[in-house]
Each structure stands twice: as C-alpha cells, then as structure tokens.
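We name chains A, B, ... by the order of the sequence lines, and we start the count at 1 in each one. Just so it is clear, the values below take in all heavy atoms, side chains as well, and ignore hydrogens, waters and symmetry mates.
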Amino acid sequence: MVTAAQVAYDVGWGILHYIIFYPPLYQLIIIPGLIAALVVVIFIIWFERKAAARVQMRYGPWEISPRTGGATQLIADLIRYTFQEIIVPRTVDFMSYIIAPNAAVIFSILPLVAVPMTSVSQYWPIPMDFSLLIAVALSTLSPIFVVMMSWASNNKFAVVGGVRESFIIVAYELIAVISLLAVVPLVSTFNLVDIVQVQMGGRWLGLLNPIALLDAFIAVIMSTSAFPFEIPDSESELVAGPYTEYSGLMYGLNMGAGYIRRWTLSVLITLVFLGGWAPYRPGPGVVAGYLVPSLIVVAKAVVVMAIMSFLRSVYGRYRLDQALSLAWEVLIPMAIAAFGISIAETYFGVIP
Amino acid sequence: MEAAPRLPGMEVRPVERHVYEVQIGPAHPGSGHMRIFVEVDGDIMVRVDPDIGFVHRTMEKLAEGRDWIKNIPLFERMAILDACNITLPYVEAVEKILDIDPPPRAKYLRTLLCEINRIASHLYGMGIFGVFLGHSTLYMWAFGDREVFVQLAEDLTGARLTHSYPVFGGVRRDIPDDFPQNARKAARYMRNRLNEYAKIFLNNPNIRKRLEGVGVLDKNRATELGIVGPNVRASGIKYDVRLVEPYEAYDELDFEIPIFEEGDSLARAWVRVEEIRQSLNIIEQAVDWLERHPREGFMHDRFWKNAPQLYKDIYNGKIDYAGKYRVKLMPLFASLKVPAGKASARVEAGRGEMFYYVESDGKNVPYRVRVVSPSFRNVIAFKYVMPGHRLMDLPAIYGSFDYFPPEWDR
C-alpha cells in the first residue's frame, strides 16, 4: 500500500535529484549559476562600496538598513531598476538593441555549464574531458555583444566606447586564454576535474605557476572593465560608453553582465589555480558530493572577486593605449613565460 | 561638398570626412556646465574648441544696476568656493576710488581668509581632477578634507561658502577666540594629509603614467597664451600677483612661490599641493600676528564711527566676543555713493590672477565693472594643448588646469 507520505517523499526526492540537483540545471540556475551569481554580485557590489567607503573616510550604503550596514541597498537598487521605464530611443536598431544585453548576460553565464563543482561523475553537467577548453572558449563569447550594443545604440559615445571595448577584447582574450591554458602542460589534461584533483595535496597551481595566476587575474580585470581598466565606459569623457542609450532594467542587465562575467571567470580561476574544492574530498550523496564542494568553490571565488573589487579604491584608470601596451608588451610575454614555466616544471617532474 | 545653408547668426563648420566630432558637455558628469567641441581622428584629438559663453550670466551688466555693496555677493557667484579671492579686487578697487585704506588687522584677516579659500579651492580642484581620472579615493579625500577649511571659514565669517567677508574699508567681523588654535590644528592635519595624497595619487604609478608628459605647456607657449596662476607656475614662470604686486598683508609675510619646470599635468598637480603647504604657512603666520596684536578696529574709521552700538561694545571689551552675534552691515554702506573716478585692482585667486576695473560716475551704482577671471584666461590653453593627445587625455588635461566653468563665463 502506498501512503501519501511515501508519495510526497518520492516526489520530493525526485524533484531534489532530477530537477534541482540535475547538474546542468543546478549549475546554470542555482550554484554557481544565476542565483548564486546574483547573490554574489549583490554582495560584491555592497562590499565594493563599503570597502571603498572605508578607505575614503565615509559610510557607504547605510541608511537603508543601519543594522546590517546597508546590505539591502543593492536589493533596493535592483527593485528601482526593475520598475524604471525602459526607454528605447527612436534612432536605435531595435532588434539588436534589445537582444544584445540579454545575450550578453546569457553568454556570460554559459561557461558555468562546463565547469565541474565536484569530482563525483554523477554530478557533472557535461562530460569533462575537454571542459577547460570549452569553458575558456565559451567565456570569450559575451564581449561581442557589448560591441553589438554600442553599434546598435547609434550614439557617438556608445560607438567610441564600443571601439575601445573591441580593442580591449582583442588584447585581454589572448592573455586569458594563454594563461588559463598554461597549466595544461603541467597536468597534461584539459579535464577540470583532474586539474582540481592534482591540487588536492595543497600544491595549488597558482603557487606552482604564480605568473599564470597573475596574468589571468589581470585579464579578468581587463575583460570586465574594472579599475584600473575601466576604459570603455569611462564616465568623464564617454558618458556611460556602450551603455549610454540604455535605461532601467536594460542598463541593469549591462552592468550585471559585466559582474557575472567577472564571477564566471573568478570561478574558473578558482578551479584552475586555487584548488577548486580542495582540500575537501567530495563524499557520496547530494549534499556531501555536490552542495558542499560547490559552496567551497563559491567561497574561494568570492574572495578572488573581492580582491578585484578593492582595486577601485586604489587606482584610477589607465589610458587606452597604455592598457593595450601593457597587455601586448608585458602581459602576453608573461603568459608565454608562464607556459614555459609549466613546461619546465613538467620536465623536472614537479607534479608526479 | 555641397554648399552648407547660411542663415544670419548661424555658424557652419564643415567637418572633414575622417574626423568624428564628439561634444564633451554641456551637462558634463564631472564638471559643471560647459561644452567642448572635440574632433577626433581615430583616437587623436585634432581640434578642440571650448565653447566660451555657454553659461554666461551677464555679471558685468548686472553690476551696473546694483548698489556698490550688493555687487560683492553678486561677484561671489563666479566661484563660490573661492569667494574671498574673487571679490577682494573689487573691494580694493572701490577702496582706491574712495581713497581709504583698511586697518592692518583687516588686512591680515583678509589674507587669512584668502589663504583658507585658496586651500579649499585647490582641494576642490584636486578632487575633481581625481574623479576625472577615475580615482574616487582622491575625490572623497579632497572633498572631505576641504570640509576642515570650509569650517574654518565658517568660524571666521559665519558662512561656509559665500562669505562676503571683505567689505569696503575692512572686513565684516573679527575672529572668534578659539580660532587660532583651530587653524593651527587644521594646518597640522593638512600637512599630514598632503603626504598621503602624494602616496595614493601623485606617486601612484598608474596616475603618474596618465599625467607625466601629458598636456605639456612650455614656457614660451604659456607666456604667449597669457596663462595665469598655478598653471603658469607649473611651466616654470615665476609669476604671482602676491609676489609682483603685494596686496593686503602679503608683503609682511614669509612664503615661497612653488615653481615647477616640466609644465605637464603632473607638475600642475604638484604645484597645487605645494601651494597648499605654503598657504598653511601663511595661515599660521597670520593667526600668530592676530594673536600677538590686541583686538583693534577691523574697519576704517569712516565706516566704523557710525557702527551699531553692539559692535562697539564688543570691541571695547564690554561684552565677551564669542562670534555668535549677528553681523550687520555698517549703515553707511546702504547709501554709499562712490565719487567719480576709476581704479583697477588684481589679486592672486586660487586659479590665477583675478582682475577688476571699476569706474564710477558718482552715483550709488557703478558705471562700469570689468571682470577678468583666471579661468577665462586659462581656458584658451585647451585649444592649443589638447590637440595631438588622445581622447582619454582630455580629462587629465582638463582636470590639471583646475578649470571652473562658472568663473570662465561671468
């Protein structure tokens, strides 16, 4: 005889296993995808403002909820953005104007489908054999839509911003790709799970190859136009750069896409250089095998992101040509050097 | 190219094919209301045209319809953060026509407020400069520390910004008793802070890279264009009205004029920092002098003799001075008629030489007031310094000239 409780239990178990913890869905929507990204972005923007405020001798967000230090300020901002009227200027190219921000957000979050959150093969969203390559390749898609936005906006500031963005894309993508792939000779695999497993003993690849880590870190800062590379949307000469013609939720999406991209790449850096879920060894079951390691990855990635955000209170912005010369003349040779270091370490058998 | 339509009052400028015109302003996110037409060829600016007259407010014409004393608050509106320096030459010019000389105490008090204003003005300029380069920390620091000097000015005059402090024949009121110690404390604080500014901004490798060798204005060009103030001193020219034509108490004070030879944006930023140091010295010397000398008249006898009884009681020591009494203008000011004559005066304001020419025909309003403000003389540099630089250098150069739109258009 089947009792109602049994049915409820079965249905609940089914929902938990086949819907919530169904790996592609879980990764894209919950952790580290949309929901985690939203929470993290809200936290990081709050942290960014609070940390900058601390340096700059002021309070930062405060009045909205003094007990939590103004932590809900971003939620209030989000609500405001959501209910603001979306103005579509008559001069824009409508379809691409609407599609570009949405596509930018979607493609920013897409690499997360290729990263593992655990070593238990049951919880991999896709086969992991070439996951590093897939994730890196997917992460290069979203900036194209920023250029598309600026082109669709039909605005001088937007076009200048878009041109700057495209310069920066060309510069940073090579750095990001080379420095993230620099670990491959060291571990002789593209499999992110294997890469994390190698680091289990505490030999993080970031420690073995710090130049690659530094390069990837700077490339992420450049790619998401954070300080000191906040060049495409530099306020003082281009109003908001490629986003000038956007308002309300569409502008929010644009800003969100930048932060989500930073989040995605931080997760990738965490997995490749900072040991992923190490030193924790995923056990059996959904919680021990999936939820806990993914939370560890999230925590590490948040730290990476917080460091990036803090740079705002120290640096101004570089000039475009200075940023580009830094990228082409310093960082790319460094990335290639990082490759060489990996090969040398492999030759001397640093990793057995 | 087909002929552009020509209408009366319409200016048509053909733009070359490969050139892209960007308008910085008129509602600029960093600065006030101003507009710069920039033509960029690729990323290089080929033509920069500051749109003079965009916020013109007919100050000179308005002055012709106002009583002599009421022009002081009017002229303050040119640069409210530099209010004492901006109105002082007007007061001096009128005093020349009236043929009166303010008492020494008034001179020191004016000098004191001028230097407080200069520091506040430089800090304001540096804050704007910082945010132009995306350096929000300097912006917040400079504006936060400016509060110290705004507070000093409030203690001294009763108003944070539009002090209307120098009036014909003297100043509006004397310092409160606790002012000297507050001023010394502020000077000590600010000296420490300037070192930190150098650490986070001026010696920050990122900022140095943005500023070094950018917007170089060499000696000859600076002379040719008639640049004034800290900008010309950053180009290696020792020109300062306080030096060449000392006014008020400056000839009795000991201070240096910082000179930098490079003439680039970084030098212009450093000149301001060094000037703040010198201004702090001057403030300390001025409050020392004021402390050493007993409270005495701060208003010329001609106006003081029919001052309100309250004033006289305070300064005769019958009532303790606490700086809390309401300040009233001397009765004579309301009906002041300046004898016919003409005079001019100039001072070194925060942004450079401020010049007034005043002409009177014996009525209760001026016949003519001509104002030449420092930003007006500096703005022409944009046109000659900026072309050849990249568009991203525009904020760096603009900010380094510490240029103030309301002062440009009077």
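Summarising the geometry, atom CG belonging to Leu211(B) is positioned 10.0 Å from atom CZ belonging to Arg319(A); distances are rounded to the nearest 0.5 Å. The distance from atom CG of Asn206(B) to atom OH of Tyr318(A), rounded to the nearest 0.5 Å, is 4.5 Å. From Tyr315(A), atom OH reaches atom CZ of Arg210(B) across 15.0 Å, with rounding to the nearest 0.5 Å. Considering OG of Ser325(A) and NZ of Lys209(B), their distance stands at 4.5 Å, rounded to 0.5 Å.
Taking chain B as the reference chain and counting heavy-atom pairs below 4.5 Å, the highest number among Val159(A), Val160(A), Val55(A) is found for Val55(A).
Using a 4.5 Å cut-off on side-chain heavy atoms (C-beta onward), Asp321(A) and Arg390(B) make contact. Here the side chains of Gln322(A) and Met392(B) are not in contact, with every heavy-atom distance at 4.5 Å or above. With contacts defined as side-chain heavy-atom distances shorter than 4.5 Å, the pair Glu21(B)/Lys156(A) qualifies. Arg317(A) places none of its side-chain heavy atoms less than 4.5 Å from the side chain of Leu133(B). You'll find the side chain of Thr137(B) stays beyond 4.5 Å of the side chain of Val314(A), heavy atoms only.
Within a 6.0 Å sphere centred on CH2 of Trp151(A), other residues, nucleotides and ligands contribute 12 heavy atoms or fewer. More than 12 heavy-atom neighbours from other residues, nucleotides or ligands sit within 6.0 angstrom of CZ on Phe37(B). Counting heavy-atom neighbours within 6.0 Å of Phe167(A) CZ, excluding the residue itself, gives a total of 12 or less. By the neighbour-count criterion of 12 heavy atoms within 6.0 Å, atom OH of Tyr189(B) is densely surrounded, having more than that number from other residues, nucleotides or ligands. Within 6.0 Å of the CZ atom in Phe376(B), the count of heavy atoms belonging to other residues, nucleotides or ligands does not exceed 12. Other residues, nucleotides and ligands place more than 12 heavy atoms under 6.0 Å from the CZ atom of Arg191(B).
At a 4.5 Å heavy-atom cutoff, the contact between Ile200(B) and chain A is made by backbone and side-chain atoms alike. If you measure heavy-atom distances from Val214(B) to chain A, the contacts under 4.5 Å come from the side chain alone.
Listed in order of number, the residues of residues 56-84 of chain A that approach chain B to under 4.5 Å between heavy atoms are Gln56(A), Met57(A), Arg58(A).
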